[in-house]
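In what follows, chains are A, B, ... by sequence order, proteins preceding strands, each numbered from 1.
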2 protein chains.
Amino acid sequence: MKKNFEEMSYDELLTEFKNIIKANGLKFTSQREAILRTLYDNPQHFTSENLYMLVKQRHPDLTIGIATVYRTLALLEENSLVSSISLGIQGKKFEIANKPHHDHLICKECGKIVEFGNEKIESLQHQIAKENGFELTDHLMQLYGVCSECKKET
Amino acid sequence: MKKNFEEMSYDELLTEFKNIIKANGLKFTSQREAILRTLYDNPQHFTSENLYMLVKQRHPDLTIGIATVYRTLALLEENSLVSSISLGIQGKKFEIANKPHHDHLICKECGKIVEFGNEKIESLQHQIAKENGFELTDHLMQLYGVCSECKKET
DNA sequence: TATCATATGACTATCATTATCAAAAAGGTG
DNA sequence: CACCTTTTTGATAATGATAGTCATATGATA
Ligand SMILES: [Mn+2]
Ligand SMILES: [Mn+2]
Ligand SMILES: [Zn+2]
Ligand SMILES: [Zn+2]
């Protein structure tokens, strides 16, 4: 059921988004487009607030409220066009989902986020779920540490 | 620096707690003891609120406020006597930390939590961190799926 | 037991996220 | 294009988990 949007261009993603919108009886708006565009052009990890500010900066003529950012991110995530990582109390960060699945290595000092993928771990996770009678749908894996930059400073 | 309290009895944990309290110029109180006791007797995963209710139920003669539960859990966690898992928006769950390190497999339907440990994954995680110049201090791994009970019901 | 620093419970404040709602915009239809 | 209906929007209020405040209570020490 889960769509895969790996390596898609902006136009392809936009078409997908429009299809999703149509399929759900929703409407295509300039706010929704601006959010997708901003995420595409900045393939980083954003809090809702950060993204809100960047969208306004990139689209000065567009009126947009923070509520719309929350709503649109939820819509995009439900349809696998964006993915999110939960950083405990520090909230949630979102990124465009046109890259292969990966997990995150996070520096506790400076917040730097490094992406990595590891097939061995993925397959072990499936095995663990199976052994416990679970059907694995999803997982969350974040490694925390101190990056080389920050190690120097100590 | 991180203490290891695996397999400790309640008395041993209590002694550790008292030492920590003394070392920090704090005071040993009946509320703090009741919280540790309740966590020890119920080695499950509690939200702050759930734990608060259970402590009151188990110690009807003790006056205790939710704020004290938050404060004590923070103190216990800082000193590695309890550990927590962050469940996104659904908040944080705490458990006594006198068991070996493990991660969690969580049913999305009923919330059931299964604990597991996997040395292969742990060592792969260290390898990944090393490859990226990070010093690994910690990690978060949660597998989400549907348990066998819940699969039946569909 | 007297002293005094810390802890407590009730309460308020905070802060991210959601809900509400009247006004605006989308997008069919002819 | 004008009309019509539905969805969307932004401003704002509400929510809910957690943290902070403060006067009083309590623990540790002598
Ligand atoms: Mn990422
Ligand atoms: Mn556990
Ligand atoms: Zn760093
Ligand atoms: Zn289940």
Participant: Examine C:dT18: is either OP1 or OP2 under 4.0 Å from a nitrogen or oxygen in the side chain of A:Y70? Give yes or no.
Facilitator: no
Participant: Rounding to a whole Å, what distance do you find between A:F46:CZ and C:dT17:C1'?
Facilitator: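 That distance rounds to 20 Å.
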Participant: Please identify each residue that fulfils ring-ring contact (aromatic ring centres under 6.0 Å, His included) with B:F116, with sequence neighbours left out.
Facilitator: none
Participant: Could you pull out every donor-acceptor pair under 3.5 Å between side chains of residues 123-136 of chain B and any protein atom, sequence neighbours left out?
Facilitator:
{"from": "B:Q125", "atom 1": "OE1", "to": "B:H139", "atom 2": "ND1", "distance (Å)": "3.2"}
{"from": "B:Q127", "atom 1": "NE2", "to": "B:E131", "atom 2": "OE2", "distance (Å)": "3.4"}
{"from": "B:N132", "atom 1": "ND2", "to": "B:I128", "atom 2": "O", "distance (Å)": "2.8"}

Participant: What is the distance, rounded to the nearest whole Å, between atom NZ of A:K92 and atom C1' of C:dA16?
Facilitator: 12 Å
Participant: Report the residues that fulfil side chain to side chain donor-acceptor pair (under 3.5 Å) with A:S84, sequence neighbours left out, ordered by chain and then residue number.
Facilitator: A:E77
Participant: Take the protein atom CG of B:L51 and the nucleotide atom P of D:dA17, then report the distance between them rounded to whole Å.
Facilitator: 15 Å
Participant: Find every protein N or O atom lying less than 3.5 Å from an N or O atom of nucleotides 11-13 of chain C, and list the pairs.
Facilitator:
none

Participant: Give me the bend of the helix from C:dT1-D:dA30 to C:dG30-D:dC1, using the axes of the five pairs at each end, rounded to 10°.
Facilitator: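 If I round to tens, the end axes sit 30° apart.
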Participant: Taking atom types as modelled and ignoring hydrogens, do the side chains of B:H45 and B:E95 form a donor-acceptor contact shorter than 3.5 angstrom?
Facilitator: yes
Participant: State whether the side chain of B:T137 and the backbone N or O of A:Y144 hold a donor-acceptor pair below 3.5 Å, judged by distance alone.
Facilitator: yes
Participant: Any residue in residues 25-41 of chain A with a heavy atom nearer than 4.0 angstrom to DNA chain D? Just list them by number, or reply none.
Facilitator: A:G25, A:L26, A:K27, A:T29, A:Q31, A:R32
Participant: Table please: side-chain donor-acceptor pairs of residues 50-59 of chain B below 3.5 Å, with sequence neighbours left out.
Facilitator:
{"from": "B:N50", "atom 1": "OD1", "to": "B:T47", "atom 2": "OG1", "distance (Å)": "3.0"}
{"from": "B:Y52", "atom 1": "OH", "to": "B:K56", "atom 2": "NZ", "distance (Å)": "3.0"}

Participant: Are the side chain of B:N24 and the backbone of B:L26 linked by a donor-acceptor contact shorter than 3.5 Å?
Facilitator: no
Participant: Rounded to the nearest Å, what distance is computed from the NZ atom of residue A:K18 to the P atom of nucleotide C:dA26?
Facilitator: 12 Å
Participant: Tell me every residue that passes ring-ring contact (aromatic ring centres under 6.0 Å, His included) with A:F17, counting only those two or more places apart in sequence or in another chain.
Facilitator: none
Participant: Verify the ring-centre separation between A:F94 and A:F46: is it less than 6.0 angstrom?
Facilitator: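 No, too far apart.
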Participant: Could you tell me whether the side chain of B:E12 and the main chain of B:S9 form a donor-acceptor pair under 3.5 Å?
Facilitator: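 Checking the backbone N and O of B:S9 against the side chain of B:E12, a donor-acceptor pair under 3.5 Å is found.
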Participant: Rounding to a whole Å, what distance do you find between A:I64:CD1 and C:dA25:C1'?
Facilitator: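 To the nearest whole Å, that distance equals 14 Å.
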Participant: Expressed as a whole number of angstroms, how long is the span from A:I20:CD1 to D:dT8:P?
Facilitator: 14 Å
Participant: Is a side-chain N or O of A:T15 found less than 3.5 angstrom from the main chain of A:D11, in a donor-acceptor match?
Facilitator: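 Pair found, side chain donor or acceptor close to backbone of A:D11.
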Participant: Please list all pairs passing the salt bridge (Lys or Arg N to Asp or Glu O under 4.0 Å) test where one or both residues lie in residues 105-125 of chain A, with sequence neighbours left out.
Facilitator: A:K99-A:E115, A:K108-B:D138
Participant: Which atom pairs, one a donor and one an acceptor, fall under 3.5 Å between side chains of residues 28-38 of chain A and the rest of the protein, sequence neighbours left out?
Facilitator:
{"from": "A:T29", "atom 1": "OG1", "to": "A:R32", "atom 2": "N", "distance (Å)": "3.2"}
{"from": "A:Q31", "atom 1": "NE2", "to": "A:T63", "atom 2": "O", "distance (Å)": "3.1"}
{"from": "A:R32", "atom 1": "NH1", "to": "A:K27", "atom 2": "O", "distance (Å)": "2.6"}
{"from": "A:R37", "atom 1": "NE", "to": "A:D41", "atom 2": "OD2", "distance (Å)": "3.1"}
{"from": "A:R37", "atom 1": "NH2", "to": "A:D41", "atom 2": "OD1", "distance (Å)": "3.0"}
{"from": "A:T38", "atom 1": "OG1", "to": "A:A34", "atom 2": "O", "distance (Å)": "2.7"}

Participant: Using links of under 4.5 Å between side-chain heavy atoms of ILVMFWY residues, direct or through other members, which residues join B:V146 in one cluster?
Facilitator: none
Participant: CD1 of B:I21 versus P of D:dT29: gap in Å, rounded?
Facilitator: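 That distance rounds to 12 Å.
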Participant: Between C1' on C:dT17 and OH on A:Y52, what's the gap in Å once rounded to a whole number?
Facilitator: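 It works out to 15 Å between those atoms.
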Participant: Between protein and nucleotides 22-25 of chain D, what N or O pairs are separated by less than 3.5 Å?
Facilitator:
none

